Amino acid sequence: QVQLVESGGGLVQAGGSLRLSCVASARTFSTSVMAWFRQAPRKERELVAAISRGGSVTYYTDSVKGRFTISRDNAASTVYLQMNSLKPEDTAGYYCAADSNVSWRESQLRKTSSFASWGQGTQVTVSS
């Protein structure tokens, strides 16, 4: 498994921006699909964005398209989530996930069970 450590969360006003980072420990980072999930109180954990192993293909859930950007730096074993135009409904704990075997299909990417490695999470709070 890969050890993942997220950072960059915080409190921001609606319309503001935050950049989340997730640093991975393993040398297998470059062969892993990376993803960001989020979980709001009393809600299920949901996929926000995912990025392919080489970084050339990305996936976003509809509610963040045009506002969030996922990227990765394989040399630094780091994945990022740039969040712009934040809304109060984006408030949640954000979790980084990694897996080297998950297939690039929406049905698989959306499942938390598809990802073997998880970070501890970082809280994002957007005030109105």
Side-chain angles (χ1 to χ4, degrees):
Q1 286 190 350
V2 178
Q3 287 190 323
L4 304 171
V5 179
E6 303 101 331
S7 62
L11 173 64
V12 64
Q13 288 188 334
S17 298
L18 283 175
R19 189 194 196 201
L20 305 184
S21 300
C22 171
V23 180
S25 63
R27 295 179 181 179
T28 55
F29 177 83
S30 64
T31 63
S32 297
V33 170
M34 301 298 298
W36 286 96
F37 285 75
R38 67 185 178 188
Q39 187 167 20
R42 298 175 297 280
K43 291 189 176 181
E44 293 187 354
R45 192 169 295 190
E46 64 169 354
L47 176 68
V48 175
I51 189 165
S52 63
R53 295 165 179 82
S56 61
V57 184
T58 56
Y59 172 87
Y60 297 94
T61 196
D62 286 346
S63 62
V64 308
K65 284 180 180 176
R67 300 188 298 122
F68 290 12
T69 302
I70 188 171
S71 61
R72 67 190 295 164
D73 182 346
N74 284 349
S77 297
T78 303
V79 62
Y80 304 97
L81 186 67
Q82 177 66 43
M83 304 185 294
N84 299 329
S85 302
L86 282 161
K87 304 175 180 180
E89 51 263 43
D90 295 318
T91 295
Y94 282 71
Y95 298 86
C96 178
D99 199 277
S100 57
N101 296 313
V102 61
S103 61
W104 192 264
R105 289 185 293 173
E106 180 179 357
S107 61
Q108 296 304 308
L109 294 174
R110 288 189 169 275
K111 294 180 181 178
T112 56
S113 58
S114 295
F115 291 86
S117 300
W118 291 85
Q120 82 289 350
T122 186
Q123 179 66 32
V124 172
T125 303
V126 184
S127 63
S128 57

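Note that this is a predicted model, so its numbers are computed, not measured. Index from 1, following the sequence.
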Is there a chain of hydrophobic side chains (I, L, V, M, F, W, Y, each step under 4.5 Å between heavy atoms) that links V5 to L81?
no
Which of D90, V12, L20 passes side-chain contact (heavy atoms from CB on, under 4.5 Å) with M83? Answer is L20
How long is the gap from CZ on R19 to OG on S71, to the nearest 0.5 Å?
6.0 Å
From CA spacing to verdict: side-chain contact (heavy atoms from CB on, under 4.5 Å), L4, Y95:
CA-CA 9 Å; L4 304 171; Y95 298 86; over 6 Å; no
State yes or no: do V48 and F37 share one hydrophobic cluster built from I, L, V, M, F, W and Y residues joined by side-chain heavy-atom distances below 4.5 Å, directly or via other members?
no
Is it possible for you to say whether Y60 and L18 belong to one hydrophobic cluster, with membership spreading through side-chain heavy-atom contacts below 4.5 Å?
yes
Do C96 and W36 have side chains that approach each other closer than 4.5 Å (heavy atoms only, starting at C-beta)?
yes
Could you see if V2 belongs to whatever hydrophobic cluster contains M34? Use Ile, Leu, Val, Met, Phe, Trp, Tyr and a side-chain cutoff under 4.5 Å.
yes
Are L47 and V102 co-members of a hydrophobic cluster defined by side-chain heavy atoms under 4.5 Å apart?
yes
Please report the shortest heavy-atom distance between A24 and F29, naming the atom on each side.
CB-CD1, 3.4 Å
Reported CD-to-CG distance for the pair Q108 and D99, which is rounded to 0.5 angstrom:
10.5 Å
Please check this pair: side chain of T91 against backbone of V126, looking for a donor-acceptor N/O pair closer than 3.5 Å.
yes
On a heavy-atom basis, which atom in S17 and which in S85 lie closest, and how many Å separate them?
OG-N, 4.4 Å
Are Y59 and E106 close enough that a side-chain donor and a side-chain acceptor fall under 3.5 Å?
yes
Separation of S63 OG from R38 CZ (nearest 0.5 Å)
4.5 Å
Note: A14 and P88 closest approach over all heavy atoms is CB-CD, 4.1 Å
State, yes or no, whether a side-chain contact exists between L11 and Q123 at a heavy-atom distance under 4.5 Å.
no
Please determine which of T69, T58, V33 meets the side-chain contact (heavy atoms from CB on, under 4.5 Å) test together with I51.
T58
Parallel, tilted or perpendicular: which describes the rings of Y94 and F68, with under 30° parallel and over 60° perpendicular?
tilted
If every non-hydrogen atom of T112 is compared with every non-hydrogen atom of W118, which pair is closest and at what distance?
O-CZ2, 3.5 Å
Tell me the closest heavy-atom pair linking F115 and L109, and the distance in Å.
CE1-O, 3.4 Å
Tell me whether E89 at atom CD has more than 12 heavy atoms from other residues, nucleotides or ligands lying less than 6.0 Å away.
yes
Donor-acceptor check, side chain of N74 to backbone of R53, threshold 3.5 angstrom: yes or no?
yes
Testing the basics here: between S21 and T78, what is the closest heavy-atom pair and its distance to 0.1 Å?
CB-CG2, 4.4 Å
CZ of R72 to OG of S77: how many Å apart, nearest 0.5 Å?
9.0 Å
With distance as the sole test, does S100 use its side chain to make a donor-acceptor pair with the main-chain N or O of T31 at under 3.5 Å?
no
Counting only N and O atoms by type, is there a donor-acceptor contact under 3.5 Å from the side chain of E6 to the main-chain atoms of G121?
yes
Is there a side-chain contact between R110 and T61, using heavy atoms and a 4.5 Å cut-off?
yes
